[in-house]
Amino acid sequence: MQNTKARANIYALLSRVLLQELDEKMLQTIKNDENILDFFPTLKEWKPFNEVQNSKLLEEYLNPDFVNLSLLHLIPYETFYTREDQKIETGGANPVTDMYSAYNFMVDYEAARAISADHIGVELEFMHHLAVAELKALEEGDKEAVKALREIQKEFLDKHLLRWAPLYLINVKYEARTPLYYDVADMALEFILSDNEYLVKELNT
């Protein structure tokens, strides 16, 4: 159960940081949480992170980097990587929407500021949504539901995140101008690969 709780929290953190710019509240949460900082070793040692005022850190360093990585230079949408014409599928034909609707997951486009359901932050949020459902099933002792939810998570990783996110995240690491986005890309890359292995192991026991 602890494992599932930790997985849900990690997916939530990665989703939040990759989906939109940080605000002061989120930045302060990262600064105050040693567990989070352990995931971001380069950020922890970065001079401006420890010395520059939060508002300046956001305005002059972190948020311009987010815009550069998510809006200007790189494209954080699955269909851009998986379609031959490299077009982003913004309508109902997007391959992720069927899975989302099957498991009662609604994308709040306005809050996410995403133009399509297959934004990396939204896909990670969907994994968080499934891990939370798995946690509830574990608490209720519903073994069948736990197994079914793990199978869905594995399927979503196979059909979606693992097909394109590693390439996007490697590009983020290469393009990042601040340690936050370097570390988050590094962590996300490592985590989705290891989570896939974890799910394989759990489903085979």
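Reckoned from all heavy atoms, side chains included, excluding hydrogens, waters and symmetry mates.
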Inset, instruction - Using a strict 4.0 Å threshold on nitrogen-to-oxygen distance, state whether D186 and K173 make a salt bridge. - result: yes
Inset, instruction - Over all heavy atoms of both residues, which pair between P76 and S70 is shortest? Give the atoms and the distance, please. - result: CD-O, 3.4 Å
Inset, instruction - Measure the acute angle between the ring planes of H129 and F126, then classify it against the limits of 30° and 60° as parallel, tilted or perpendicular. - result: parallel
Legend entry - Intermediate values then yes/no, side-chain hydrogen bond (donor to acceptor under 3.5 Å, both in side chains), N50 and K31: CA-CA 9 Å; N50 299 303; K31 281 190 167 185; over 6 Å; no
Legend entry - Side-chain donor or acceptor of T178 paired with backbone N/O of L62 under 3.5 Å: no
Inset, instruction - Answer yes or no: does atom CZ of R83 have more than 12 heavy-atom neighbours from other residues, nucleotides or ligands under 6.0 Å? - result: yes
Inset, instruction - Would you check if the distance from the ring center of W46 to the ring center of F40 is below 6.0 Å? - result: no
Legend entry - Pairing of E125 and R16 as salt bridge, 4.0 angstrom limit: no
Legend entry - Heavy-atom donor-acceptor pair, Y100 side chain to A117 backbone, under 3.5 Å: yes
Inset, instruction - Assess whether atom CD of E151 is packed by more than 12 heavy atoms of other residues, nucleotides or ligands within 6.0 Å. - result: yes
Inset, instruction - Count the heavy atoms of every other residue, nucleotide or ligand shown that sit under 6.0 Å from CE of M1, and state whether that count exceeds 12. - result: yes
Inset, instruction - Quick one: closest heavy-atom pair of F80 and Q86, and the distance? - result: CD1-O, 3.2 Å
Legend entry - Qualifying residue, where the test is salt bridge (charged side-chain N to carboxylate O under 4.0 Å, His left out) with E202 and the options are K147, R150, K143, R7: R150
Inset, instruction - Using only heavy-atom distances, determine whether the side chains of N32 and Q28 contain a donor-acceptor pair under 3.5 Å. - result: yes
Legend entry - Neighbour count >12 (heavy atoms, 6.0 Å) for atom CD, E140: yes
Inset, instruction - Look only at the side chain of D142 and the backbone of A137, and say whether a donor-acceptor pair between them is shorter than 3.5 Å. - result: no
Legend entry - CD/E144: more than 12 non-hydrogen atoms of other groups inside 6.0 Å: no
Legend entry - Main-chain N/O of P64 paired to N68 side chain as donor or acceptor, under 3.5 Å: no
Inset, instruction - Taking S116 for its side chain and E89 for its backbone only, find out whether a donor-acceptor pair lies under 3.5 Å. - result: yes
Legend entry - Heavy-atom closest contact (A165 atom, I192 atom, distance): CB-CD1, 3.9 Å
Legend entry - Hydrophobic cluster identity match, L18 and F156, side-chain contacts under 4.5 Å: yes
Inset, instruction - Report yes if some heavy atom in the side chain of I88 is under 4.5 Å from a heavy atom in the side chain of I75; otherwise report no. - result: yes
Legend entry - Residue pair T97 / N94: nearest heavy atoms and the distance that separates them: OG1-O, 2.7 Å
Inset, instruction - Take T79 and V96 through the test side-chain contact (heavy atoms from CB on, under 4.5 Å) and record every step on the way to the result. - result: CA-CA 10 Å; T79 40; V96 294; over 6 Å; no
Legend entry - Cluster check F105, I152: I/L/V/M/F/W/Y, side chain < 4.5 angstrom: yes
Legend entry - Distance-only donor-acceptor check, side chains Y11 and D195, under 3.5 Å: yes
Legend entry - Minimum heavy-atom distance between K44 and F49, given as atom pair plus value: CA-CD2, 4.4 Å
Legend entry - R177 side chain reached by Y61 side chain, heavy atoms, under 4.5 Å: no
Inset, instruction - Among Ile, Leu, Val, Met, Phe, Trp and Tyr joined by side-chain contacts under 4.5 Å, find the other residues sharing a cluster with L71 and list them by chain and number. - result: V67, L72
Inset, instruction - Look only at the side chain of D118 and the backbone of Y77, and say whether a donor-acceptor pair between them is shorter than 3.5 Å. - result: no
Inset, instruction - Identify the two heavy atoms, one from E134 and one from T4, that lie closest to each other, and give their separation to 0.1 Å. - result: OE2-OG1, 3.0 Å
